[in-house]
Amino acid sequence: MANEVWVVLQHREGQISRISWETVGAAQKLAATLGSKAEAVLLGSGVGLAAAEVAKSDLAAVHVADHDALRAYTPGAYIGALASTIQSAAPAFVVFPHTYQTVDYMARLAQAVGAGLLPQVTAFQGEGGDLLWTRPVMSGKLQAKVRVKGEGTVLVSVQSGAFPADGVVRGEAPVKPLEVDLAAVKPDREILGYEEVGGDTVDLTKAEIIVAVGRGVGGADKMAPVEALAKALGAEIGASRPVIDNGWLPRDRQIGSSGQTVAPKLYVAAGISGAIQHLVGMKGSSVIVAINKDPGAPIFTVADYGIVGDLHEVLPALTEAVRAAKG
Amino acid sequence: MKIAVCIKQVPNTEARLRVRRDGRWLEEEDLPFIINESDEYALEEGLRIAEKTGGEVVVFSLGPDRVREALRKALAVGAARAVHLADPAFAGGDALATGRALAAALKRDSFDLVLTGSQSDDVGYGGTGSVVAGHLGWPHVWLVMGVELEEGNRAAKVTREMESGVNEVSRVQLPAVLEIQAGLNHPRYASLKGIMAAKKKEIATATPADLGLDAAQVGEAGSRLEIVSVAFPASGKGAQILQGDAKAAATALVEKLQKEARVL
Ligand SMILES: Cc1cc2nc3c(=O)[nH]c(=O)nc-3n(C[C@H](O)[C@H](O)[C@H](O)COP(=O)(O)OP(=O)(O)OC[C@H]3O[C@@H](n4cnc5c(N)ncnc54)[C@H](O)[C@@H]3O)c2cc1C
Ligand SMILES: Nc1ncnc2c1ncn2[C@@H]1O[C@H](COP(=O)(O)O)[C@@H](O)[C@H]1O
């Protein structure tokens, strides 16, 4: 019916991921504003223990599709398992954790079932049928408020870190098998394996101080002030994605959703705008310093201290000041 | 191989952004536009595959007249021709509406491979390519970091990025839609010769009617999402901004880090 909320959980070998718990909390909150109770869906093979874990939440049910074809994720099998159920039950919302797995199939699922697609939300406000959703646009430089129009199910994904993982309301939910017929699903993608990116990588997670540099540095040949500051601070050098993509630093220095997740006691971000994919990798740092020539850069919203200016002037001055302070 | 690449023109993120008077989107006057970052990589990958297999690249872009500049740039680096989905009705589409329109345009020709970027840097739905694949009935892979052709170009071994430094390696049968992630190659620059040659290349235009679509199925009318407003993020607790010239600010910062934050 028009107020049902489903939440599709992601897990790794039966371990429910942190962002999935955040998403359960978000779905519970959403269901409450619609006057219903959320229901969870778990896809996989041999996921009984995970289902029991989820069932300790305040949910109307935990629907489990336990099937050999769902052991490894493929979009064909996942869409196959979810499409007919969504079409027949027509919930108002199906909520997903915004992960690289979900994004891979969610849009196609929406297209297949004729649902709306609302990716990467960070908040919602409002009542009943009149909800306003918040999501980042312009790589996080702006926040958009979005409304859903028209009739029918909407698939929503929830940005990691937007809702608290410990925000799940506890309770007891019945576990129910979800019948899926995957015989007809032809694998659209034959999984050959999984590989680690770069074998003996620099482990930035152990660094106490990180000087991270972004596209604002301007080139591989302009890295000297970054290196000098890192040396003065005894820090490791990290980077945002474009620095790596441009080949200015090796891939093992990347921080963010597809790089390393770090939480040093001091993180200096120079010439980094603060896109969400970067923030998820460093916002756990104890103290964050941002140096950016744009006072409106979103990095300043998570930083403790900021200097607005050209990093090519600020970093040498900072190096001097650190050296002077250390004597 | 005959390859289509979908490129979107987006505001340059380096530019100073201003919110439009009605609050619903950016003020586009004086706003510089560029080809979406991951689409640049998709275009380069398409050109490389076409060169290797002796084929051609056709570029598609949906948007107002300004997107012809992006298409012209793609022609200058080596695309053979371009298709511009040009009609006010196309504007303001979500991933489903834009994907529907692009798929209809792609269907008028026959391609062995369609490449898109993984995510647009403006609205960032991360799904338009997957929607295109759904309409074409082809396999898709999102966030592609490597493509190797196999089986006499009838299949591809595709490396897909996942979180935390792991890649998924899979094989897909072609034709397929591959949604390219930034960083998998090094996009080329246009040569003077390329720029001159591009002037003679064709940019075809297509309206919803040309694609057999009703105006109500595309753009804002055909979308489930409606952007009500955009705003700069509220600064949360916000950073303490240290004032003065570089030297003064740096000295003040080090003092704060020592005495207040106690991390030095
Ligand atoms: C699926 C996916 C995964 C991603 N994974 C990651 C990831 O793991 N890590 C990551 O970082 N990004 C990731 N990204 C990219 C992310 O969305 C942003 O594009 C990226 O973080 C931006 O990097 P940046 O801040 O260095 O560059 P920009 O956003 O271009 O910002 C450059 C900044 O430098 C400032 N600047 C310019 N010149 C100067 C100067 N002289 N002095 C001071 N400041 C200056 C500018 O004001 C601007 O704020 C991912 C994107 C996608 C779609
Ligand atoms: N208006 C458009 N014209 C051409 N391609 C587009 C357009 N919008 C999106 N795309 C393609 O779809 C990809 C993903 O966009 P999005 O779903 O908006 O994140 C982009 O990287 C482009 O390759």
Side-chain angles (χ1 to χ4, degrees), chain A residues 99-100 103-104 106-108 110-112 116-120 132 136-139 141-150 154 188-197 244-245 247 257-258 265-266 286-287 289-290 296 298 300-301 303-309 313-314 317-318 321-322 325, chain B residues 11 13 17 94-96 99 121-127 130-131 133-135 139-143 157 161-172 182-183 186 224-233 235-236 238-242 246-247 249-251 253-254 256-258 261 263-264:
Chain A
T99 64
Y100 295 3
V103 180
D104 187 49
M106 188 170 98
R108 187 154 188 172
Q111 189 269 332
L117 177 72
L118 175 52
Q120 206 178 6
L132 263 192
V137 292
M138 292 304 302
S139 303
K141 290 185 182 70
L142 292 160
Q143 302 283 335
K145 294 260 194 275
V146 176
R147 179 178 290 134
V148 177
K149 314 179 283 183
V154 181
D188 50 347
R189 180 186 305 175
E190 180 196 347
I191 304 290
L192 303 174
Y194 303 91
E195 59 185 30
E196 297 273 328
V197 185
I244 313 291
D245 289 347
S257 58
S258 27
K265 66 174 195 194
L266 176 59
S286 312
V287 175
V289 170
F300 287 121
T301 65
D304 300 284
Y305 302 103
I307 297 180
V308 178
E313 287 168 25
V314 176
L318 199 51
V322 169
Chain B
T13 46
L17 305 176
D94 62 12
L96 292 158
D121 294 327
D122 53 357
V123 288
Y125 296 130
S130 307
V131 172
H135 283 287
H140 78 276
V141 185
W142 184 71
L143 221 53
K157 189 170 144 188
E161 193 170 88
M162 305 205 298
E163 279 102 349
S164 57
V166 179
N167 284 335
E168 171 197 280
V169 185
S170 69
R171 178 176 297 122
V172 293
H186 292 287
R224 293 291 304 279
L225 300 190
E226 180 194 359
I227 299 180
V228 177
S229 65
V230 295
F232 289 96
S235 39
Q240 258 189 66
I241 302 292
L242 300 157
K247 187 157 182 254
T251 310
L253 174 61
V254 169
K256 293 265 182 198
L257 292 177
Q258 279 187 312
V263 288
L264 283 191

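Atoms considered below: every heavy atom in the structure, side chains included; atoms not considered: hydrogens, waters and symmetry mates. Throughout, a chain's letter reflects where its sequence line sits, starting with A, and its residues are numbered from 1.
- Of the residues considered (Val169(B), Val230(B), Val254(B)), Val169(B) shows the highest number of contacts with chain A, using heavy-atom pairs under 4.5 Å.
- Using a 4.5 Å cut-off between heavy atoms, Thr99(A) touches chain B through backbone and side chain atoms alike.
- Interface summary for chain A: among Thr251(B), Leu143(B), Asp121(B), the most heavy-atom pairs under 4.5 angstrom belong to Asp121(B).
- Between Val141(B) and Arg189(A) the shortest heavy-atom distance is CA-NH2, 3.5 Å.
- Highest contact tally toward chain A, considering only Lys247(B), Lys157(B), Met162(B), is held by Met162(B) [criterion: heavy-atom pairs under 4.5 Å].
- Using a 4.5 Å cut-off between heavy atoms, Leu17(B) touches chain A through its side chain atoms alone.
- For the pair Thr13(B) and Ser139(A), the tightest heavy-atom approach, listed with the atom from each and the gap, is CG2-OG, 4.3 Å.
- Within the model, atoms CE of Met106(A) and CH2 of Trp142(B) stand 10.0 Å from one another, a figure rounded to the nearest 0.5 Å.
- No other option in Pro11(B), Ala231(B), Ala246(B) has as many heavy-atom pairs under 4.5 Å with chain A as Ala231(B).
- Residue contact with chain B, scored on non-hydrogen atoms closer than 4.5 Å, involves the backbone and the side chain of Val148(A) alike.
- In this structure, the portion of Leu264(B) lying under 4.5 Å from any heavy atom of chain A is its side chain and not its backbone.
- In this structure, chain B has a heavy atom under 4.5 Å from the side chain of Leu132(A), while its backbone stays farther away.
- Contact tally against chain B (heavy-atom pairs below 4.5 Å) for Arg108(A), Glu195(A), Glu190(A): the top residue is Arg108(A).
- For chain A, the nearby parts of Glu226(B) are the backbone and the side chain; heavy atoms of each come within less than 4.5 Å.
- Here the CG atom belonging to Leu257(B) is positioned 5.5 Å from the CG atom belonging to Leu266(A), to the nearest 0.5 angstrom.
- In this structure, chain B has heavy atoms under 4.5 Å from both the backbone and the side chain of Ala325(A).
- Not one N or O on the side chain of His135(B) forms a donor-acceptor pair closer than 3.5 Å with the backbone of Gln111(A).
- In this structure, chain A has heavy atoms under 4.5 Å from both the backbone and the side chain of Leu225(B).
- Across Glu161(B) and Tyr100(A), no two heavy atoms sit closer than the pair O-CD2, 3.7 Å.
- Within the 4.5 angstrom heavy-atom criterion, only side-chain atoms of Leu253(B), from C-beta onward, approach chain A.
- Note: Gly134(B) leads Gly134(B), Gly124(B), Gly127(B) in heavy-atom pairs under 4.5 Å with chain A.
- Note that OH of Tyr125(B) and CG of Leu117(A) are 9.0 Å apart. Values are rounded to the nearest 0.5 Å.
- Taking chain B as the reference chain and counting heavy-atom pairs below 4.5 Å, the highest number among Arg147(A), Glu313(A), Lys265(A) is found for Arg147(A).
- Heavy-atom distances place both the backbone and the side chain of Ser258(A) under 4.5 Å from chain B.
- Contact annotation: the side chain of Val308(A) approaches that of Ile241(B) to within less than 4.5 Å [non-hydrogen atoms, C-beta and beyond].
- Closest approach of Asp104(A) and His140(B) over heavy atoms only: O-NE2, 2.5 Å.
- For the atom pair CG of Asp304(A) and NZ of Lys256(B), the computed distance is 11.5 Å after rounding to the nearest 0.5 Å.
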